[in-house]
Protein chains: 2
Amino acid sequence: MADSSTKDLIVREARICFANQGFDGTSLNDIAAGVGIRRPSLLHYFPSKDAIYQHILELALEEWGRQIDERPTSGDGDCWAQVDSILEVSFEFFRTNPEIVRIVRREALTEKGHLDFDLGTALRPYFLRAVRFFEREMEAGRFRRHDAENLVLTGYGALLTYFSDHRMLTGLLDEDPFSSRALEARFAHVRDFVRSALEPLVTE
Amino acid sequence: MADSSTKDLIVREARICFANQGFDGTSLNDIAAGVGIRRPSLLHYFPSKDAIYQHILELALEEWGRQIDERPTSGDGDCWAQVDSILEVSFEFFRTNPEIVRIVRREALTEKGHLDFDLGTALRPYFLRAVRFFEREMEAGRFRRHDAENLVLTGYGALLTYFSDHRMLTGLLDEDPFSSRALEARFAHVRDFVRSALEPLVTE
DNA sequence: GTCTATACGCAGATAGAC
DNA sequence: GTCTATCTGCGTATAGAC
């Protein structure tokens, strides 16, 4: 936020446009107008529209990965603290990066990307890590048995959808889904719901 | 499927294009080429591209609503049969209408639609009905306590994401996420996961 | 009902002045 | 580093022949 170089302003404005209108729905004019410069000036910083988009996507995944990797409690705390930590970091990242959420979701939807880039391949290491964690804990009897891969996908969908489908939720609910009260209720629900499903029925 | 009038062919092809490439990413040429006619011939059946899109959206929601309303076991069966029925109808509708899933999801993502149409408003009656059902059952002690609105949203996200983000899942998993084995596992997981979270800890 | 021809605007990208 | 001017192609939509 501190650095307000033109290039950064372009990236920030483009991120908003791509999130709101998608790649095809965004014109270089839209971005330039938001920054306050003319269209050809954009291409002084990036060789093409594709390049802007790719850059934003790479920044986004880099940031996402960093937040996950730098997760505080990745030590050997108890398994529930781990789950809460995973949920909290993801929730917090989605909340503070709503544009990235929508861009990633659009990318997941599009049958064939404009680039060589593949979202599934990029996220696979994180997915597999989460799957292995749940399998280990379920094997040890600390979590109730579920299909680990589907469990992670369910969590992903439950978290991401709340932020990506914001516009629809606004029509569905009486309250702004991004109000602090609604967000707290959402996080509490997801945490408790997951806990309800994973908690063993008999505690040793 | 039986009626193969040109208009139906247009609708079917447009649905595929809009799902794969979005509204802005789809040109009338794309649709016309898929049907096997020229671009101006499309506009003999629809006054504009917007009209085609709006028509598809209306068809989709009409169909979705009908499938939900015609749900077989909406009688007074036990509450678990009700939950299974809701999940099964939704799952089956998403599975057999993958294009609609992606079109609806794109609509939910887009900050402002091209039309006066609002997805949240359209789905709100169904949402409220589901919320009231869960609240009633939780009040009666047949389900464990959860935030009913968030519960429905979680189910929605868990079901829809699996079908909308198919491309990403293909890169994430080793298996085709739409193979019959994977689909069965997915449905079983969602059903069991929801049941685990809702089942009261002490059975009267 | 489908076509060719065309109008018209906006897209992305480049050249070159300042 | 930003601009004006321009090139080129594709977009939606319309007019009118067959």
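Letters go in sequence order (proteins before strands), and every chain restarts at 1.
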Item to check | Below 4.0 Å: OP1/OP2 of C:dA11 and any side-chain N or O of A:Asn29 | outcome: yes

Phosphate OP1/OP2 of C:dC10: any A:Ser27 side-chain N/O under 4.0 Å:
no

Give one of base, sugar-phosphate or nothing for [X], where a contact means two heavy atoms less than 4.0 Å apart.
X	result
B:Leu28	sugar-phosphate
A:Ser41	base
A:Leu43	base

Between A:Pro47 and A:Asp30, the residue closer to the 5' end of DNA chain C by nearest nucleotide is A:Asp30

Comparing nearest nucleotides in DNA chain C, the 5'-proximal residue of the pair B:Gly36, A:Asp50 is B:Gly36

Considering only heavy side-chain atoms of B:Pro40, the closest of D:dT2, C:dT4, C:dG1 is C:dT4

Of D:dA13, C:dA13, C:dT2, the nucleotide closest to the side chain of A:Ser48 is C:dA13

May I ask you to check whether A:Phe91 and A:Phe163 place their ring centres under 6.0 Å from each other? yes

Requested in this report: Compute the ring centroids of A:Tyr156 and A:Phe127, then answer whether they are less than 6.0 Å apart.
Outcome: no

Rounded distance in Å - [atom1] ([X]) to [atom2] ([N]):
X	N	atom1	atom2	value
B:Leu42	D:dT14	CG	C1'	14 Å
A:Leu9	D:dG1	CG	P	13 Å
B:Tyr53	D:dT12	OH	C1'	18 Å
A:Gln21	C:dA11	CD	P	11 Å
A:Ile37	D:dG1	CD1	C1'	9 Å
B:Arg38	C:dT2	CZ	P	13 Å
B:Tyr45	D:dT14	OH	C1'	18 Å
A:His44	C:dT14	NE2	P	14 Å

Can you see whether A:Arg106 engages A:Ser164 through a side-chain donor-acceptor pair at a distance of less than 3.5 angstrom? no

Next item on the list: Go through the side-chain N and O atoms of B:Arg186 and A:Thr154 and say whether any donor and acceptor fall under 3.5 Å apart.
Entry: yes

Q. Is A:Glu88 salt-bridged to A:Arg191, cutoff N-O under 4.0 Å?
A. no

Polar pair under 3.5 Å, donor/acceptor by atom type, side chain B:Arg39, base D:dT12
yes

